[in-house]
Protein chains: 2
Amino acid sequence: MELRHLTYFVTVAEELHFGRAAARLQMTQPPLSKQIQQLEEEMGVKLFRRTKRHVELTTAGEFFLPEARQVLAQMQQALDTAQKAQRGEFGRLVIGFVGSATYDILPEIIREYRRQFPDVSVILHELSTPDQVDALLDGRIDMGLLHPPISSSLIATEPVQTGVCALSFPKNHPLAGKDKLTIEDLRDVPFIVVSREIWPGLYDEFLSLFQDAGFTPRIVQEATEYQMVVGLVSAGIGVGVVPATAEKLFNLEAVYRQIDGAPLHAVLSMARLKKNSNPALDQFITLTRRVRQLNSESPV
Amino acid sequence: MELRHLTYFVTVAEELHFGRAAARLQMTQPPLSKQIQQLEEEMGVKLFRRTKRHVELTTAGEFFLPEARQVLAQMQQALDTAQKAQRGEFGRLVIGFVGSATYDILPEIIREYRRQFPDVSVILHELSTPDQVDALLDGRIDMGLLHPPISSSLIATEPVQTGVCALSFPKNHPLAGKDKLTIEDLRDVPFIVVSREIWPGLYDEFLSLFQDAGFTPRIVQEATEYQMVVGLVSAGIGVGVVPATAEKLFNLEAVYRQIDGAPLHAVLSMARLKKNSNPALDQFITLTRRVRQLNSESPV
DNA sequence: GTGTGTAATACACAAATGATATCAATTGAT
DNA sequence: ATCAATTGATATCATTTGTGTATTACACAC
C-alpha cells in the first residue's frame, strides 16, 4: 500500500470512471484497474462496486475517501515543512545575548527577522559572554550576541556593532567640564568597570591603555552590567567605563566624555558554533549583516 | 515519494544507523541507503548528515520526522476506518419507523445495536409506511420498520413482530362485556380505524373480514395513528381497530376484545432496498433477527 | 440484434526495488 | 604508527512490479 494507490483511489472515486481517471492520471486504464484491485486486496476492503456499466463507491470506500485525502494532504504538508525548515523559514532559533544588546541592535534585528520568518520561533536568553560560549559549545543556543574576543576555535564570530566606549562622570565632577581629557587627568580617578569575567575585551583594553601611559587605574568597583555601572556613577561612587551607547539610557546624573586620542572599543559580535547547521541560523546571520550594513551607512 | 520511503526514513531516524535500521526493516543496508538518497533527492531536502562514522538528523529531518510519523499513523487509521466500515462497525444507519414501533420492539433493538456498534451513528425518522417506501426507494433511509404489505419488488421485507389486532371499546360499551364476540355483533357498530393510506394491510383485512360475512362495517372516523384511535375510543366516538399491543398504552377508558374465530393480524416488518449494501444495515438486520428470536421464544 | 461504452484480462516490456560483493573512510586499539 | 573493525556508499545483477498495447466480456441503448 503506497501513496500512489491512494492517489489512484481518490481520482477514481472523484471520476467514478476508470477511463477518465486514468486520463487524469496520465496513464492507461488497465494498469489503473489493476492497481485499484491490488489496493482492495491488500486492504481486504472492497472500495468500489463495479457493474459493467457503472462504478460506485461502497460504504467502506465512502469512509475511506476522506481519510485517503487527508493522508495525501498530510504528506504534502510534511514535505512543505521539511522544505521550509531547510530554507530556514520554519524552525527554532535560540539566541543568547548580553544585556547591553537589548538597548541597541537586538530589538531591531529580531523585529525584522520575525517579520521575514514568522514561522521560526525565536527564543532569547540573556547571558553573559562566557555563559554564551558555554551554551554555544553545548548547543543550548544557536547564536550569541556577545563581547569579543572569545577563545574557542569551534566558534566563529563576526562583529555586529563596533562602537566606542566613553567615560561616564557624575554630572558635577570636576573633569566633566574639562576641555581636553587625557590619560594623565585620570591618574587618581576611582573607576567603575564591568568585571573582566563579563567583558574581558573591554577590561583588558582599558587596563593596557593606562599601562602604556605608565600607571594602573584605580578600580574601586566592578559590576556585571554596564547599566549598573551608570547607576553607580550617578550615585557618585566613581567614573564609569561604558559603551558610548549608554548615553541612550538618559540618566540625567551622568555625563559622557571620550578620552582624547585614546579610543576604547566596544564591539558587539555575533558568535556561532562553526558546525551548527540550523538553516534558520544562516538566515538570521545573513539578515543581521544586511541590517548592520544599512545602519553603518547612515551617519551615526 | 511513497509511504515506503517514510517508513524507511522513520526507522533510520530512530536508529541513526543504516545497518541496524535495515535489519529492523528486514532488508539489507545498500538499498536502504539508496532509498533514503532517493527520498532526499525527490524532496529536495537533506534529511541526514552522514559523517563516515555517525548519522544524524538535519534540522529539516528533525521537523520532517514527526510529520512522517503522522502520515503513517493517518494511513493506518484510514485503513482501520475502511475495514470497520466494511464490517459494519463504523458508519451511518438511517432508520424509518412507524409510530407504533416506538412502543414495542424499536427501543430494545436500538439499545442493543448501539451497545454492539457504538461507532455507527443511528438516525431515526418517524415515517408512515408509504413514506418509508418512498424514502427507501430514494435511499433516504436504509431500513424501514413498517406495516406490510408493500408493493415494490425492489424492497425486501421480513416480519419483526407478528401480533394480533383487537377491538377497543369504550369501557361501558354494551359489547365490552359480552362473552363471545362475533362479526354479526358488529353489524351496526361505528368503527374508528387507521386510514388505509397509513396501514393498508390492516384496513383491507378488516374490510374483507366483514365482506366475507356479507356486509360492510360502518367506519365513522379514520386516524393516522393507532394511539389516536384509542383516544377517540375513550372519547366514546366508536370502536377502534388497533394492534393488541395498544393495551400497553394503559388507557383506563378503553377495553380490548378479540373477535371470536376471526383474527386480525398486526404485523411489523423490517424493509430494505434489496440492493442497499450498507454493511451496517446487514449487521442491524442480523441483530434484529436474533433479538426477535429471543423474544418469540419467551411466552408473550 | 447490433453497436457503443466500460472494466477486466493477457501478455510484453520497462523501470525500479532489493541482494551480493566490494570499496572508501574513519575510529579505536595494539 | 599501523592495523582491524565499523559504517555508509557504490557497482552490478536478479527479481519484482508497474505500465502500455491488444483484446475480451459484458451491459445497455437504439
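Naming convention: chains lettered A, B, ... in sequence-line order (proteins, then strands); numbering from 1 in each chain.
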Nearest heavy-atom contact between A78(B) and V71(A) is CB-CG2, 4.4 Å
In terms of heavy-atom contacts, A135(B) and L127(B) come closest through CB-CD1, 4.2 Å
By nearest-nucleotide position on DNA chain D, the 5'-leaning member of P31(B) and E2(A) is P31(B)
d([atom1], [X]; [atom2], [N]) in whole Å:
| X | N | atom1 | atom2 | result |
| --- | --- | --- | --- | --- |
| L25(B) | dA19(C) | CG | P | 10 Å |
| H17(B) | dA9(D) | NE2 | C1' | 14 Å |
| I36(B) | dT17(C) | CD1 | C1' | 14 Å |
| Q35(B) | dG8(D) | CD | P | 17 Å |
| K34(A) | dT21(D) | NZ | P | 15 Å |
| R49(A) | dA7(C) | CZ | P | 15 Å |
| E41(A) | dA8(C) | CD | P | 14 Å |
| R4(B) | dT17(D) | CZ | P | 11 Å |

Check your understanding: For T11(B) and E15(B), what are the C-alpha separation, side-chain angles and deciding distance, and is it a side-chain hydrogen bond (donor to acceptor under 3.5 Å, both in side chains)?
Key -> CA-CA 6 Å; T11(B) 308; E15(B) 296 288 342; over 6 Å; no
Using OP1 and OP2 only, check whether a side-chain N or O of [X] sits under 4.0 Å from [N].
| X | N | value |
| --- | --- | --- |
| S33(A) | dA7(C) | no |
| Q37(B) | dT10(D) | yes |
| R50(B) | dT7(D) | no |

By the 4.0 Å heavy-atom rule, please label [X] as base, sugar-phosphate, or nothing.
| X | value |
| --- | --- |
| Y8(A) | sugar-phosphate |
| Q38(A) | sugar-phosphate |
| T28(B) | base |

Kindly give the atom pairs (protein nitrogen or oxygen, nucleotide nitrogen or oxygen) under 3.5 Å for nucleotides 23-30 of chain D.
unit_1	atom_1	unit_2	atom_2	d
dA27(D)	N3	R53(A)	NH1	3.4

Carboxylate-amine/guanidinium contact R50(B) E40(B), below 4.0 Å = yes
Should E62(A) and R92(B) count as an ion pair when the cut-off is N to O under 4.0 Å? no
Rounded to the nearest 0.5 Å, the CD1 atom of I123(B) sits from the CD1 atom of I95(B) at a distance of 9.5 Å
Inset, instruction - Step by step, work out the side-chain hydrogen bond (donor to acceptor under 3.5 Å, both in side chains) result for E42(B) and Q38(B). - result: CA-CA 6 Å; E42(B) 281 181 29; Q38(B) 184 183 328; 3.1 Å; yes
